[in-house]
Amino acid sequence: MHKENVDMKVQNGFPIKSDVKSLGAIINSDIRYRIPEYQRPYEWTENNIDEFLNSIIDGFKASTQGRPVFFGTIQFDIRDGKIDIVDGQQRLTTFLLLLSVIREISSGQTPTYDGLIEKKGFSEELKKPVSTEFREYSSENNVTNYYKNKIHLYEKLIRLNTDEGIEFEKLYTFVINNVYFVRLETREMQLADVISVFNTINTTGLDLNASDIFKIKYYDYLSDNYICFQDEDWMAKINKCYLMVEEANAKIEDYQSKIDMARILDVYKHIICARFELGYSELSKSNVTFFEDLFRGQINQSYMKDYILKYESFESLVSMFIEYYRWLEKAINLDKYPDYHKELFSYHMLQKTRYTQYWTIPFVAAFYALRNGNYSKEQVFINSLRINLSFFKYFFIYSVIYSKVIYSVRNTTCKLLSTFVTEDYTKICSKVEDIMWIRWGDINNPTDEREDEDKWERKYFRDCISKNLYDNGKVHMVCVLSALIDEIEAGSSSDDIIQKLFNWSKQQYDIEHIWARDLYEKNKDLNKENKEELNGIGNLVVLNRSINRKIQNNSTNKKKEQYLSVPKDEYRYKIVEILCDKYDLENWQDLDMVQVRNRQEAELNKIDSFMDDRSYYMND
């Protein structure tokens, strides 16, 4: 059956040739293959290599019964006289690495398969020996993923030979003759259609991620709508943007500091929605669905040649995003902007709300502000964070009051995004803050017909903070904001703040009850209202997790000793210092509701003052 050839055509005019081919038939021919520019780099890890090799060895051990090993579908697309590998790059590349290692071990020579796959530097990697001397030299220098996997294959094969007596020549012959693929071949179709065909046939899912698929769809869109006057084609130009991201990550080891093209596409989607005033039904789509609908004209054909969809706009977005992202890191790590800590940390705080999908706001605002050209780049970044701060306050209110995302808040946010296109940051901030206490507010009529809604929402907001902060996300959001305000007012450095409140891997915190929850819930003398208040902002504080786990349910007075035991240079929270200095915790151990309510009122006033402050954009 595996030698049967089949030609078929599917509906909609998609010509597909399908047959089953051995690895030997695929690589031992005059055909040359190309890795198209929309493909991701070779990125298989040691785990992938182990699974790959285990499948081969299992088949090899059973090969006396004539058992072939099936390695799935491999898809090629014939385009411009070349054969592109649409799916199967990782597997085919790894097979060539494996064969070169086996040959070197068994005969001292490596088959080069020179030019079989057109990929810069790949033939040279195949020729590199894996002798001990060369591996030791390479370990001290930058090596490619190709060579890392060659070394891993070499070590695994030597172990298999030693432990299980695997004979290399027989293994080489087996791989060439007994490894099979279902080969799919398409010809001169649009790239998006090529991928659609594969996605339909391969039920295990597409090997390309959303960023790869965008590249293909955007290429087809640009090719259909614009003439590229330079020698390079649209794919080469798009690929430059992806290369910019790779280069921005080249020397970054911290995963959280790496820039992801998927996040840039999130911003691009919001930019497009702002430009065309698209509602939440479009904004909520996945990137794959959104850009497919857009570039196929299923959103609105009249948009298709707008400036925002031109390559130059996308390229400027990628460049701006990288620069802005790195600027944010430096602004915090180097404490370059001590007067803008509220704005800087609103970026992190917004992502603690129920509206995290709008983390894109400062980048969208910066994109349009730079396009309008009214401010320097540095000032644009600062102004966009001012806008973000206003949105954080808006989202914070409705994340506290309600336990789910509110439809009207989402829709209002989509309308507000459209103001980014032409309006100055002061007007944008004002529009957000004018309606932020009015859930059903109209951005063009902020007073609304519900005159009392502002007061009602604010009262409900205060009640939600004062009592029963049981919701885990809500209590963290409220207590972290309270701690953040105190850190900023005490003049803490931005690096201190990021370590205390936003770097979970290095500094974990708990939300601790000053008067222990287990104790007050068992206290029969307390009424329901008292117990609700003891689970509110008057009795809650951010505390180092390492200290908190030592405290357990001790008296408040003993807790104070633990609170203050953390040296200041080890990220002791300012809110704890204020608590210990301002309140008589020695008496609090017997539960003084007056002190609890005093702290409650002080915390409410502090948060109210933060929410009502407009000086950061009104007095600039």
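Throughout, numbering of the chain's residues begins at 1 and tracks the sequence.
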Residues in salt bridge (charged side-chain N to carboxylate O under 4.0 Å, His left out) with [X], at least two apart?
X	answer
Lys310	none
Arg159	none
Glu315	none
Arg410	none

*Do other residues, nucleotides or ligands put more than 12 heavy atoms under 6.0 Å from the OH atom of Tyr307?*
yes
*Are side-chain N/O atoms of Thr45 and Asn48 paired as donor and acceptor at under 3.5 Å?*
yes
_Pair Glu169-Ser106, side-chain donor/acceptor within less than 3.5 Å_ = yes
Pairing residues for [X] by the side-chain contact (heavy atoms from CB on, under 4.5 Å) criterion, not counting sequence neighbours:
X	result
Asn161	Phe168
Arg354	Ser399, Ser403, Val405, Asp471, Lys474
Glu51	none
Phe70	Val182

Is [Y] close to [X] at the side-chain level, that is, under 4.5 Å between some pair of heavy atoms?
X	Y	result
Asp260	Ile264	no
Trp359	Arg263	yes
Phe321	Phe367	no
Pro41	Asn145	no
Leu294	Tyr218	no
Phe76	Leu184	no
Phe290	Cys273	yes

*Would you please name every residue forming a ring-ring contact (aromatic ring centres under 6.0 Å, His included) with Phe395, sequence neighbours left out?*
Tyr355, Tyr358, Phe391
*asked:* Under the rule for ring-ring contact (aromatic ring centres under 6.0 Å, His included), what residues qualify as partners of Tyr509, not counting sequence neighbours?
replied: His476, Trp504
*asked:* Could you work out, with side-chain hydrogen bond (donor to acceptor under 3.5 Å, both in side chains) as the rule, every residue matching Trp327, not counting sequence neighbours?
replied: Tyr337
*Only pairs at least two apart or in different chains count here, so list each salt bridge (charged side-chain N to carboxylate O under 4.0 Å, His left out) that has a residue in residues 266-275.*
Arg275-Asp306
